[in-house]
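This report refers to the structure that appears directly beneath it.
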Amino acid sequence: MTKKDLKRKRTADSNKENVPEEEVLPAKRMSDDPSPKKVKWINRQRVLVFSTRGISYRHRHLMDDLKTLMPHHRVESKMERTKNLQVVNEMCEMKNCNKTILFEGRRKKDLYMWFSNIPTGPCAKFLVENIYTMGELKMTEDGGLAEIGPRFVLNPIKIFAESFGGEVLWDNPNYISPSKFRSTLKKKAAGKYINKVEQKMAQKVNKPEESYSLNPMDEIFKGDPLEKAIELQQKEVEEVHTGDIKKKKLNKTIKKRLGRKIKSANSKKKAKN
């Protein structure tokens with residue numbers, strides 16, 4: 001046999017030795033024999049759940065409700081809003097966590113939730129809407145199904161390639177920020193108020209002072225006719241008297257004006273002579 005054939009035999013024998021032998025289970029097992037122990041599965045995932053400063057009490061209750069559902073979570077104090085979100089990666093490494101859920105509050109009205117895989121990513125940002133905490137809900141059991149957690153809606157905003165940064169993998173084109181949505185509602189309400197004011201002004205301008213003219217003779221037949229006749233006669237006398245007074249005043253003013261013109265004309269003639 002040549003040297004090459006000897007080498008092949010040796011390698012074949014070594015490979016046979018390395019192959020693990022299959023365990024052959026016994027055909028019968030006695031009841032006294034102990035059953036093989038199952039290997040206990042251990043959750044190696046550790047999630048850091050915390051928030052930034054400025055969240056409201058309802059947002060804090062929601063965060064506490066989620067913590068009760070996750071026994072593998074880790075706790076951290078509130079983070080300052082002035083800090084960069086990249087600091088969260090370092091905080092997770094210090095707490096030996098490979099996942100994180102960050103609650104970010106703005107104006108004590110809006111709540112944003114970040115889900116990130118530490119440290120490589122990806123990362124997703126959501127707007128939390130329609131929040132109902134465990135304390136607000138009355139837990140009932142219908143048909144064997146029991147509600148064990150809070151209710152809320154996650155509106156996706158963006159998905160990033162890295163943890164709290166990097167390239168934007170997906171952006172929601174239909175997303176409208178809550179502040180912008182509130183401003184549009186205010187503008188609509190202001191427009192309704194302006195229209196109401198304009199309608200009132202137009203109504204005042206177009207409204208006539210008298211709806212229709214009254215005939216004074218119609219009031220004769222109301223009450224005692226003799227008294228009405230006397231009142232009408234007195235009014236006519238007063239009108240005539242006031243008319244005479246006005247005529248006298250006009251005549252006086254006209255005479256004064258004529259006298260002034262005559263005096264001015266005579267003075268001019270004397271000056272010429």
Side-chain angles (χ1 to χ4, degrees), residues 43-139 147-187 189-190:
N43 187 4
R44 302 294 181 184
Q45 304 295 324
R46 297 290 180 269
V47 183
L48 183 66
V49 182
F50 68 110
S51 68
T52 60
R53 292 192 180 276
I55 63 172
S56 65
Y57 68 96
R58 296 184 75 248
H59 301 161
R60 188 175 66 254
H61 293 327
L62 175 64
M63 184 175 64
D64 294 337
D65 293 341
L66 291 177
K67 286 178 182 178
T68 56
L69 297 175
M70 295 187 295
H72 57 288
H73 76 276
R74 295 290 181 269
V75 183
E76 181 63 30
S77 59
K78 291 181 181 179
M79 188 181 74
E80 295 291 338
R81 287 185 294 178
T82 56
K83 290 184 180 179
N84 190 2
L85 293 178
Q86 294 290 335
V87 182
V88 180
N89 296 325
E90 298 177 4
M91 296 168 69
C92 291
E93 289 179 1
M94 293 169 65
K95 292 283 185 177
N96 295 324
C97 296
N98 52 6
K99 302 286 189 295
T100 183
I101 299 175
L102 174 64
F103 291 83
E104 184 182 3
R106 294 180 185 174
R107 299 183 180 179
K108 292 189 178 181
K109 295 180 181 179
D110 309 324
L111 180 65
Y112 297 90
M113 194 182 292
W114 291 80
F115 295 91
S116 180
N117 184 26
I118 305 297
T120 57
C123 176
K125 183 181 180 181
F126 297 89
L127 174 67
V128 187
E129 299 174 323
N130 302 333
I131 299 171
Y132 295 96
T133 59
M134 298 261 299
E136 295 173 350
L137 295 173
K138 293 180 179 179
M139 298 302 173
E147 193 170 5
I148 60 171
R151 296 178 190 174
F152 57 94
V153 178
L154 293 177
N155 186 5
I157 302 171
K158 286 183 181 181
I159 298 175
F160 299 93
E162 299 176 4
S163 179
F164 295 100
E167 185 182 356
V168 178
L169 300 177
W170 181 80
D171 189 3
N172 189 359
N174 300 322
Y175 171 72
I176 300 172
S177 63
S179 58
K180 191 175 181 180
F181 181 70
R182 285 192 292 267
S183 66
T184 53
L185 292 178
K186 286 180 181 179
K187 285 179 181 178

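In this text the structure is predicted, and so the values were computed from the model without any measurement. As a basis for the values below, the full set of heavy atoms in this structure was taken, side chains included, without hydrogen atoms, waters or symmetry mates.
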Ile176, CD1 atom: more than 12 neighbouring heavy atoms under 6.0 Å | no
Around atom CD of Glu167, are there more than 12 heavy atoms of other residues, nucleotides or ligands at under 6.0 Å?
-> no
Indicate yes or no: at least one non-hydrogen side-chain atom of [X] is less than 4.5 angstrom from one of [Y].
X: Val168; Y: Ile159; result: no
X: Val47; Y: His72; result: yes
X: Arg106; Y: Pro178; result: no
X: Arg182; Y: Asp110; result: yes
X: Ile101; Y: Met70; result: yes

Rounded to the nearest 0.5 Å, what separates atom [atom1] in [X] from atom [atom2] in [Y]?
X: Met63; Y: Lys67; atom1: CE; atom2: NZ; result: 4.0 Å
X: Met79; Y: Leu102; atom1: CE; atom2: CG; result: 5.5 Å
X: Cys123; Y: Glu162; atom1: SG; atom2: CD; result: 10.5 Å
X: Glu136; Y: Leu62; atom1: CD; atom2: CG; result: 9.5 Å
X: Cys92; Y: Arg74; atom1: SG; atom2: CZ; result: 12.0 Å
X: Leu137; Y: Arg151; atom1: CG; atom2: CZ; result: 5.0 Å

Identify, with sequence neighbours excluded, every residue that meets salt bridge (Lys or Arg N to Asp or Glu O under 4.0 Å) alongside Arg81.
-> none
Are the side chain of [X] and the backbone of [Y] linked by a donor-acceptor contact shorter than 3.5 Å?
X: Arg58; Y: Ile131; answer: yes
X: Asn155; Y: Leu127; answer: no
X: Asp65; Y: Pro150; answer: no

Test side chain to side chain contact (heavy atoms under 4.5 Å, CB included) on Ser179 and Arg107 and set out the steps.
-> CA-CA 10 Å; Ser179 58; Arg107 299 183 180 179; 3.5 Å; yes
Given Val49 and Phe103, is the side chain to side chain contact (heavy atoms under 4.5 Å, CB included) satisfied, shown in steps?
-> CA-CA 8 Å; Val49 182; Phe103 291 83; 4.0 Å; yes
Sequence neighbours left out, cut at 3.5 Å: what donor-acceptor pairs do the side chains of residues 112-120 make with other protein atoms?
{"from": "Tyr112", "atom 1": "OH", "to": "Tyr175", "atom 2": "OH", "distance (Å)": "3.4"}
{"from": "Trp114", "atom 1": "NE1", "to": "Glu104", "atom 2": "OE1", "distance (Å)": "2.8"}
{"from": "Ser116", "atom 1": "OG", "to": "Ser163", "atom 2": "OG", "distance (Å)": "2.7"}
{"from": "Asn117", "atom 1": "OD1", "to": "Lys99", "atom 2": "NZ", "distance (Å)": "3.3"}
{"from": "Asn117", "atom 1": "ND2", "to": "Gly121", "atom 2": "O", "distance (Å)": "3.1"}

Only counting residues at least two apart or in another chain, list the ones meeting side-chain contact (heavy atoms from CB on, under 4.5 Å) with Lys78.
-> Ser51, Arg53
Steps toward side chain to side chain contact (heavy atoms under 4.5 Å, CB included) verdict (Phe50, Val88) = CA-CA 10 Å; Phe50 68 110; Val88 180; 3.8 Å; yes
Looking only at heavy atoms, what is the nearest atom pair of Trp170 and Pro156, with distance?
-> CZ3-CB, 3.7 Å
